[in-house]
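To keep things clear, I will list the structure first and then write my remarks on it.
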Amino acid sequence: MNLLRDNKKTRWAVLFIISFVMFAAYVASDNIFAVETTLQGDAYQISDSEYSSLAGAYSIFNVYLLMLIFGGIILDKKGIRFTGTMAAGLMVLGIGMLTFAMFRLRTLVAGGAVMETVNFLGDTLRPQVLIAVIGIGIYGVGAEIAGITATKVIAKWFIGYEMALAMGLQLALARLGTGLAYGLTPGIVKACSGNVGIAVLVGLILLGVGLLAFLAYCVYDKKLDTQIREQGVKEAESNPEDEFSWKDVIAVVKNPAFWMIALLCLLFYAAVNPFLKYSTGMMVNKFGIDQTLAGLFPMILPMGCIVLTPLFGGVYDKKGHGADLMILGAAIITGVHVVFALLPGGASAVFPIMLMVLLGIGFALLPSAMWPSIAKIIPAKQLGTAMALTFYIQNIGFIFVPKAIGAIKGASGDYMWVSVFFAGLGLVAIVLALGIKLLDKKKQYGLQQPNIQS
């Protein structure tokens with residue numbers, strides 16, 4: 001008797017459901033940051049400090065409360081259905097709080113209400129902004145756990161089949177969510193008379209549909225588990241040896257190559273993802289581009305990633321030079337930020353477009369080599385732990401880099417120094433990538449060798 005996953009239509013339907021959940025997650029995560037200028041305008045009066053808190057809120061609970069690591073433990077112990085439903089529910093709750101906060105803040109500001117402020121993690125916030133920050137933080141816990149769960153779902157349903165293709169397509173659809181969030185949100189907000197709450201509500205509705213879709217998936221998952229149990233099929237992903245272990249944590253953190261590549265991951269994503277949250281404001285305030293059009297600029301990065309990441313990954317598979325690809329990606333990103341810093345205000349929109357295209361190339365180039373390289377550096381038994389720790393370190397950057405940008409922008413009022421800061425992150429990333437290449441030469445990890453061996 002064949003298992004449910006042996007039916008091609010069924011497993012691809014499962015992939016569509018999981019991909020839609022992650023698509024909705026990325027839309028809900030990114031749409032508010034496509035309208036920085038509106039948030040800091042008269043309707044919401046978001047300060048630089050408040051905006052940096054919103055931009056860094058995604059990771060506050062993942063980092064300070066170790067929720068990302070606990071999420072992996074819960075997934076191992078409680079399984080896909082419980083963990084995925086919990087993650088989707090947390091995302092709905094978090095974005096629901098954000099939606100309420102945006103509508104309420106707009107109403108209070110319009111009414112001229114005087115709002116007291118509270119201190120939260122060193123930042124002075126109005127109560128409604130604090131609700132939004134906490135909501136984004138709760139959402140971030142759910143989104144990170146959902147991402148881990150999605151990977152495990154695909155591994156479960158596509159084992160022995162098109163697993164790499166399935167994972168690539170899931171990532172592509174998620175990146176499409178980011179692209180559409182940045183590209184369409186300014187137009188939605190403009191059509192709704194500057195009401196950001198409407199755009200956030202769109203993300204909340206999508207997440208609600210995603211939660212219902214995942215509950216439908218649970219029916220298929222339970223049937224598959226029943227078949228697996230009845231037929232006595234041994235599942236590799238349920239092997240107790242692969243579950244979270246503190247011994248694996250110790251082994252991973254003792255590996256110097258892990259720290260180099262984890263810090264490279266932190267610096268790379270810190271030089272790209274937080275930049276996206278400020279890029280629309282830069283296009284409007286520095287280059288005088290209309291906000292609706294400016295929202296299309298950050299859309300270039302995820303759209304390029306959809307096409308180029310599999311392409312560069314294929315180069316690494318067939319030709320090797322993984323360390324060289326990481327160095328080149330870091331160099332491109334650094335160069336883009338240097339030119340952004342030097343480019344005078346009011347320059348033609350052609351130049352920012354060209355720079356965003358180059359940044360998209362770097363955005364696709366470096367991770368296409370970085371993530372497969374982790375699998376060469378870290379033993380298979382410790383790979384899950386290494387990935388969880390890498391994501392944890394990456395989330396640290398998502399908290400503190402926006403705070404640094406907010407402080408720089410508040411002190412200088414000039415996006416030039418923001419670009420200089422990003423360029424500095426890129427320079428350190430280049431040094432780390434060069435260090436990885438030297439360590440690979442010494443330890444013979446095989447980062448320069450093709451992944452496909454003849």
Side-chain angles (χ1 to χ4, degrees), residues 19-40 44 46 51 54-59 88 91-92 94-99 101-103 132-133 135-140 142-144 146-147 150 170-192 194-211 213 269 272-284 289-307 309 356 359-360 363-364 398 402:
S19 297
F20 177 79
V21 173
M22 298 311 299
F23 167 82
Y26 274 61
V27 170
S29 171
D30 295 324
N31 59 7
I32 189 174
F33 300 108
V35 286
E36 176 188 354
T37 304
T38 300
L39 290 175
Q40 296 191 316
Y44 294 92
I46 298 289
Y51 188 81
L54 290 169
Y58 177 92
S59 301
M91 289 194 290
V92 170
I95 299 301
M97 292 175 65
L98 175 62
T99 304
M102 287 295 100
F103 278 109
V133 167
I136 295 174
I138 292 172
Y139 160 82
E144 289 293 303
Q170 185 270 312
L171 177 60
L173 191 55
R175 295 295 187 194
L176 178 62
T178 294
L180 292 178
Y182 279 104
L184 300 181
T185 299
I188 294 173
V189 171
K190 185 176 181 179
C192 296
N195 193 333
V196 177
I198 298 295
V200 179
L201 180 60
V202 171
L204 177 61
I205 293 171
L206 285 174
L207 283 175
V209 176
L211 173 58
Y269 282 103
V272 176
N273 285 26
F275 169 76
L276 285 178
K277 293 178 171 61
Y278 286 87
S279 61
T280 302
M282 181 197 297
M283 300 305 167
V284 174
I289 298 170
D290 178 75
Q291 180 172 269
T292 303
L293 178 60
L296 299 176
F297 282 58
M299 189 177 179
I300 295 171
L301 269 70
M303 293 305 179
C305 184
I306 292 171
V307 177
T309 300
M356 293 298 284
L359 192 62
F363 187 44
F398 290 164

Set out, in order, the CA-CA distance, both residues' side-chain angles and the distance that settles side-chain contact (heavy atoms from CB on, under 4.5 Å) for Asn273 and Phe398, then state yes or no. CA-CA 8 Å; Asn273 285 26; Phe398 290 164; 3.7 Å; yes
Between Leu180 and Tyr26, is any pair of side-chain heavy atoms under 4.5 Å apart? no
Nearest 0.5 Å, what's the OH-CD1 distance between Tyr58 and Ile138? 14.0 Å
Looking at every heavy atom in both Thr280 and Phe33, which two are closest together, and how far apart are they? OG1-O, 4.2 Å
I need the Thr37 OG1 to Ile46 CD1 distance, nearest 0.5 Å. 13.0 Å
Are Val133 and Leu54 close enough that some pair of their side-chain heavy atoms sits under 4.5 Å apart? yes
Do you know the tightest heavy-atom contact between Thr185 and Ala34? CB-CB, 4.0 Å
Between Phe363 and Tyr269, is any pair of side-chain heavy atoms under 4.5 Å apart? yes
Contact summary for Pro186 and Ala181, nearest pair of heavy atoms: CD-O, 4.4 Å
Hey, mind stepping through Leu276 and Asp30 against side-chain contact (heavy atoms from CB on, under 4.5 Å) and telling me if it holds? CA-CA 9 Å; Leu276 285 178; Asp30 295 324; over 6 Å; no
Given the rule in the side-chain contact (heavy atoms from CB on, under 4.5 Å) test, do Phe20 and Leu206 qualify, once you have shown the distances and angles that lead to the verdict? CA-CA 9 Å; Phe20 177 79; Leu206 285 174; 4.1 Å; yes
I need the minimum non-hydrogen distance between Leu173 and Ser19, along with the two atoms involved. CD2-CB, 3.3 Å
Locate the shortest heavy-atom distance separating Tyr44 from Asn195; write the atom from each residue and the value. OH-OD1, 3.5 Å
What's the verdict on side-chain contact (heavy atoms from CB on, under 4.5 Å) for Met102 and Leu39, showing C-alpha distance, side-chain angles and the deciding distance? CA-CA 10 Å; Met102 287 295 100; Leu39 290 175; 4.0 Å; yes
Gap separating the OG1 atom of Thr99 from the CG atom of Leu204, nearest 0.5 angstrom: 4.5 Å
Closest heavy-atom pair, Gly208 versus Val92, reported as atoms and distance to 0.1 Å, is N-CG2, 4.1 Å
So, does Asn31 use its side chain to make a donor-acceptor pair with the main chain of Ala199 at under 3.5 Å? yes
By salt bridge (charged side-chain N to carboxylate O under 4.0 Å, His left out) - contacts of Glu36 (at least two apart): Lys409
Would you confirm whether Tyr139, through its side chain, and Ala25, through its main-chain N or O, come within 3.5 Å as a donor-acceptor pair? yes
